[in-house]
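Please read these numbers as outputs of a predicted model, since none were measured by experiment. Hydrogens, waters and symmetry mates are skipped; everything else that's a heavy atom, side chains included, is used.
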Amino acid sequence: MPNSLAAVQMPAVSSTHMYHASTKTETSSPVAYNEPPTFSFADRPILENMSNSLELADYRQALRQSGMLPLLGRAGPFTVFAIPNEPFERYARQVPGGLMTAPNAAALKQVLGYTIIRGNWSPARLAKAMTRRRVDRLAFKTLSGDMLMIQRDSSNGEFVLVNTTGRVVKLWLNGAPQSNGTLYITQDILPPRG
């Protein structure tokens, strides 16, 4: 595959894998492990760029389990708001029986579908649409069928996500171009409701 000239460094947003004391199931770790930098290449699809990120391993596994992962390798275009490991794991533990279990397959698909919208909504395109319509918020129908709002924060101009109940989630990666859309990385999980 040719080398891409356009790349964005993806954030390593979770705490680094530092020393931890031993438990009954794990031995002590005497060394701190720093995650190597991960790059998102503009000439590659969302699926390939996400596959290179350790920080999105849980999100990627959930997409695979739900059957939605291959979609992100297609032409699209898609705009994806990927969820980092720590917030995804925290949310999954809060779901009775666990989010990644067979009885919760529909809930998993709904949460994941809420992170994907059709179309290539780069930060520049969002800003242009908001300016043209003289609004600071746009609503999009997600793959789950629920409405997701993208809002421009009036204090700093950055984009945030808002669900139907008004809960707000900030972004760590603000729109890396992909060959089949745009990839964002959220700071937390944003369920459709709640």
Side-chain angles (χ1 to χ4, degrees), residues 6-11 13-14 39-47 49-50 53 55-56 59-60 62-63 66 68-69 71-88 90-91 94 99 106-194:
V8 173
Q9 185 169 345
M10 296 171 69
V13 294
S14 67
F39 293 93
S40 174
F41 297 96
D43 65 345
R44 299 185 188 152
I46 296 166
L47 174 60
N49 282 314
M50 281 191 342
S53 173
E55 191 56 55
L56 299 176
Y59 179 71
R60 200 171 50 250
L63 287 167
S66 72
M68 298 172 74
L69 188 64
L71 178 73
L72 301 181
R74 296 185 189 148
F78 303 102
T79 299
V80 175
F81 300 95
I83 306 163
N85 294 334
E86 191 279 325
F88 190 87
R90 183 175 13 90
Y91 182 79
Q94 294 171 358
L99 183 61
L108 176 64
K109 201 160 191 171
Q110 183 178 29
V111 166
L112 295 173
Y114 195 60
T115 66
I116 304 169
I117 58 178
R118 294 196 183 276
N120 187 359
W121 288 95
S122 67
R125 185 173 178 206
L126 288 170
K128 185 176 179 180
M130 288 178 185
T131 300
R132 187 176 65 245
R133 296 177 190 172
R134 296 186 180 139
V135 297
D136 283 332
R137 180 185 285 190
L138 297 172
F140 295 91
K141 186 175 183 180
T142 64
L143 291 189
S144 69
D146 297 291
M147 297 305 289
L148 173 67
M149 286 154 288
I150 302 173
Q151 180 175 310
R152 187 169 29 200
D153 188 320
S154 58
S155 65
N156 59 20
E158 294 180 2
F159 295 112
V160 296
L161 305 180
V162 184
N163 70 6
T164 55
T165 63
R167 184 169 169 209
V168 175
V169 167
K170 294 180 180 181
L171 302 171
W172 262 310
L173 178 64
N174 195 8
Q178 314 286 288
S179 67
N180 63 343
T182 301
L183 175 64
Y184 295 82
I185 297 179
T186 65
Q187 290 188 21
D188 202 351
I189 194 166
L190 183 67
R193 297 167 212 89

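Closest non-hydrogen pair, Gln151 versus Val162, comes out as OE1-CG2, 3.7 Å. Nearest heavy-atom pair, Leu112 versus Ser66, reported as atom, atom and distance to 0.1 Å: CD1-OG, 3.5 Å. Shown here for Pro77 and Gly181, the closest heavy-atom pair between the two residues is CB-CA, 4.2 Å. Closest approach of Pro84 to Ala82, counting heavy atoms only: CD-O, 3.8 Å.
No side-chain heavy atom of Leu72 sits less than 4.5 Å from a side-chain heavy atom of Pro45. Using a 4.5 Å cut-off on side-chain heavy atoms (C-beta onward), Asn49 and Gln178 make contact. Tyr59 places a side-chain heavy atom less than 4.5 Å from the side chain of Val80. Met68 is listed as a side-chain neighbour of Ile116, based on a closest heavy-atom distance under 4.5 Å. Between Leu161 and Ile150 there is a side-chain heavy-atom pair separated by less than 4.5 Å.
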Exercise for review: Under the side-chain contact (heavy atoms from CB on, under 4.5 Å) rule, what do Tyr91 and Ile83 come out as? Steps first, then yes or no, please.
Suggested key: CA-CA 11 Å; Tyr91 182 79; Ile83 306 163; over 6 Å; no
Exercise for review: Tell me, with the steps shown, if Phe159 and Leu138 meet side-chain contact (heavy atoms from CB on, under 4.5 Å).
Suggested key: CA-CA 11 Å; Phe159 295 112; Leu138 297 172; over 6 Å; no
Exercise for review: Decide yes or no on side-chain contact (heavy atoms from CB on, under 4.5 Å) for Thr131 and Arg152, but give the supporting numbers first.
Suggested key: CA-CA 11 Å; Thr131 300; Arg152 187 169 29 200; 3.9 Å; yes
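To the nearest 0.5 Å, atom OH of residue Tyr114 and atom CG of residue Asn163 are 4.5 Å apart. Atom CG of Leu126 sits about 6.5 Å away from atom CH2 of Trp121, to the nearest 0.5 Å. Rounding to the nearest 0.5 Å places CG of Leu171 at 7.0 Å from OG1 of Thr186. In this structure, the separation between CG on Leu183 and OG on Ser122 is 13.0 Å, given to the nearest 0.5 Å. Rounded to the nearest 0.5 Å, atoms CG (Asp153) and NZ (Lys170) are 7.0 Å apart.
Asn180 places no side-chain N or O within donor-acceptor distance of the main-chain N or O of Phe78, the cut-off being under 3.5 Å. Between the side chain of Thr164 and the backbone N or O of Met147, no donor-acceptor pair lies under 3.5 Å. Judged purely by atom type and a 3.5 angstrom limit, Thr79 has no side-chain atom pairing as donor or acceptor with the backbone of Thr182. Under a 3.5 Å cut-off, the side chain of Arg167 and the backbone N or O of Leu190 do not form any donor-acceptor pair. Looking at Ser53, its side chain never comes within 3.5 Å of a backbone N or O of Met50 through a donor-acceptor pair.
Here Arg90 pairs with Asp188 in a salt bridge; the nearest charged N to carboxylate O distance falls below 4.0 Å.
Crowding of Arg118 atom CZ: a count of heavy atoms from other residues, nucleotides or ligands under 6.0 Å not exceeding 12.
Of the N and O atoms on the side chains of Gln110 and Asp146, at least one donor lies less than 3.5 Å from an acceptor on the other residue.
The aromatic rings of Phe81 and Tyr184 sit parallel to each other, their planes meeting at less than 30°, with 60° as the upper class boundary.
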